[in-house]
Number of protein chains: 2
Amino acid sequence: MVHKDIPQRSHCPVNYALEAVGDRWSLIVMRDILLNGKFRFRDLMGAEENIASNILSERLTRLASLGIIKKIRDPDDGRQFVYLATAKGEALMGVVLELGSWGAEFDPKTDAPPGTPDNYRADRSAIITGALEAYHAMKPRFSNKQE
Amino acid sequence: MVHKDIPQRSHCPVNYALEAVGDRWSLIVMRDILLNGKFRFRDLMGAEENIASNILSERLTRLASLGIIKKIRDPDDGRQFVYLATAKGEALMGVVLELGSWGAEFDPKTDAPPGTPDNYRADRSAIITGALEAYHAMKPRFSNKQE
DNA sequence: TTTTTAACTTGCATTTCACAAGTAAACTAT
DNA sequence: ATAGTTTACTTGTGAAATGCAAGTTAAAAA
């Protein structure tokens with residue numbers, strides 16, 4: 001199933017984005033894929049925010065159906081799947097970093113190192129590009145892709 | 001009531017941001033305040049996404065309790081209130097524009113003019129600054145603030 | 001061939017959401 | 001002064017989403 005017929009509330013681009021990833025978990029999943037090197041179900045389950053397995057399962061299916069991630073069977077272990085960002089998913093890097101910058105600025109107990117928001121604002125595009133390069137460097141590659 | 005004791009899932013800055021505004025409506029409200037000149041309850045109700053009045057009411061209360069917006073009584077009409085972004089709320093401009101850029105790029109039916117994502121990526125900080133200037137120019141000013 | 005591991009799925013209680021209707025205070029018109 | 005209107009909510013109710021625990025299936029490891 002590639003298309004779900006969910007009626008859209010509007011065609012405002014902000015609304016489109018929020019309908020796609022504007023829930024409590026989708027961008028946590030994208031953060032873990034894009035930034036934290038978590039590509040498998042059990043890795044994503046291990047997020048400190050404690051997502052429930054049924055919710056994670058549904059979100060992965062949904063993100064794949066929206067073309068934001070793709071599910072690839074691990075050729076070395078048929079039990080495992082790897083979830084990777086598509087181009088559409090990689091384009092969420094800016095959203096994730098912008099949210100992180102905002103959170104780092106306003107959470108008094110933030111885990112982010114001091115100066116994070118200043119660094120980010122000093123050159124957003126360079127930091128986004130750098131983060132995408134780091135993602136490409138660590139994402140797993142398989143010779144033959146499936147599913 | 002200024003503080004609600006909601007236990008935080010983590011102190012990851014992305015998670016902080018998502019706990020604050022990671023629902024389907026909070027950033028729609030911030031979009032309308034920051035970008036669309038909607039400052040009153042009835043203006044915000046008029047969003048084409050059709051938010052329910054009880055949800056809007058709860059979100060406004062919540063955003064105010066998080067220090068993202070402030071509620072000001074209109075001195076010219078005691079029935080009305082004006083909702084304005086605080087510095088913390090204004091700092092969400094980048095998040096809203098980044099989401100909008102992503103939505104404009106990937107929604108085939110987007111209302112955004114062509115070239116929007118390219119323009120945004122060409123100089124994110126300049127566009128954010130310009131949008132904040134436009135916000136300041138149109139936000140209502142009262143001599144005496146209350147509530 | 002038995003056990004373990006990975007990725008889900010199911011059932012169920014709780015919470016949140018959406019829609020419709022109702023209310024109270026402030027303003028406007030007569 | 002009073003009746004009607006406007007604004008900003010609040011309340012009630014059913015539907016949907018969420019969270020937790022336990023169960024299932026297929027593949028790999030022992």
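Keep in mind that this is a model prediction, so the values were computed, not measured. Atoms considered below: every heavy atom in the structure, side chains included; atoms not considered: hydrogens, waters and symmetry mates. Per chain, numbering begins at 1; letters A, B, ... match sequence-line order.
For the atom pair B:L27 CG and B:I33 CD1, the distance stands at 11.0 Å (nearest 0.5 Å).
Atoms CG (A:L56) and P (D:dA17) sit 17 Å apart, rounded to a whole Å. Across the protein-nucleic acid pair, A:E49 atom CD and D:dG19 atom P stand 12 Å apart, rounded to whole Å. If you take CG of A:D74 and C1' of C:dC8, they are 17 Å apart, rounded to a whole angstrom. In this structure, CE of A:M45 is placed 16 Å from P of C:dT5, rounded to the nearest angstrom. For the pair B:R24 CZ and C:dT15 C1', the interatomic distance rounds to 13 Å; values are reported in whole Å. Rounded to an integer number of Å, the gap from CG of B:L44 to P of D:dC9 is 10 Å. Look at CZ on B:R62: it is 16 Å from P on C:dT15, rounded to the nearest Å. In this entry the distance linking CG of A:N50 with P of D:dT18 reads 16 Å, nearest Å.
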Does the side chain to side chain contact (heavy atoms under 4.5 Å, CB included) test come out yes or no for A:I55 and A:R59, once each step is laid out?
CA-CA 6 Å; A:I55 306 289; A:R59 286 303 182 283; 4.1 Å; yes

Evaluate the criterion side chain to side chain contact (heavy atoms under 4.5 Å, CB included) for residue pair A:M30 and A:L63; output intermediate values, then yes/no.
CA-CA 9 Å; A:M30 294 313 295; A:L63 289 169; 4.1 Å; yes

Show me the protein contacts with nucleotides 2-7 of chain D, counting only N or O atoms at under 3.5 Å.
residue: D:dT6; atom: O2; partner: B:R79; partner atom: NH1; Å: 2.8

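Under the rule for a salt bridge (Lys or Arg N to Asp or Glu O under 4.0 Å), B:D107 has no partner lying at least two apart in sequence or in another chain.
The shortest distance between the side-chain N/O atoms of A:S57 and the OP1/OP2 oxygens of C:dT9 is below 4.0 Å. Between A:R59 and D:dT18 there is a side-chain polar atom (N or O) within less than 4.0 angstrom of OP1 or OP2. The phosphate of C:dC17 (OP1 or OP2) has no side-chain N or O of B:W25 nearer than 4.0 angstrom.
Ion pairing of A:R24 with A:E49 is absent here, as no side-chain N (NZ or NE/NH1/NH2) approaches a carboxylate O to less than 4.0 Å.
Nucleotides of DNA chain C nearest to B:A52 and A:N54 differ in position, and the one nearer the 5' end is that of A:N54.
Taking the side chain of B:S53 as heavy atoms from C-beta on, and the options C:dC8, C:dA20, D:dT18, the nearest nucleotide is C:dA20.
Helix-axis bend for the helix from C:dT1-D:dA30 to C:dT30-D:dA1: the local axis fitted to the five terminal pairs at one end deviates from that at the other end by 20°, rounded to 10°.
B:T116 places no side-chain N or O within donor-acceptor distance of the main-chain N or O of B:A104, the cut-off being under 3.5 Å.
Residues B:I128 and B:Y120 meet the side-chain proximity criterion, which asks for heavy atoms closer than 4.5 Å. The side-chain heavy atoms of B:F39 and B:M138, taken from C-beta on, include a pair separated by under 4.5 Å.
Under the 6.0 Å distance and 45° angle rule, B:K71 counts as a cation-pi partner of B:F81.
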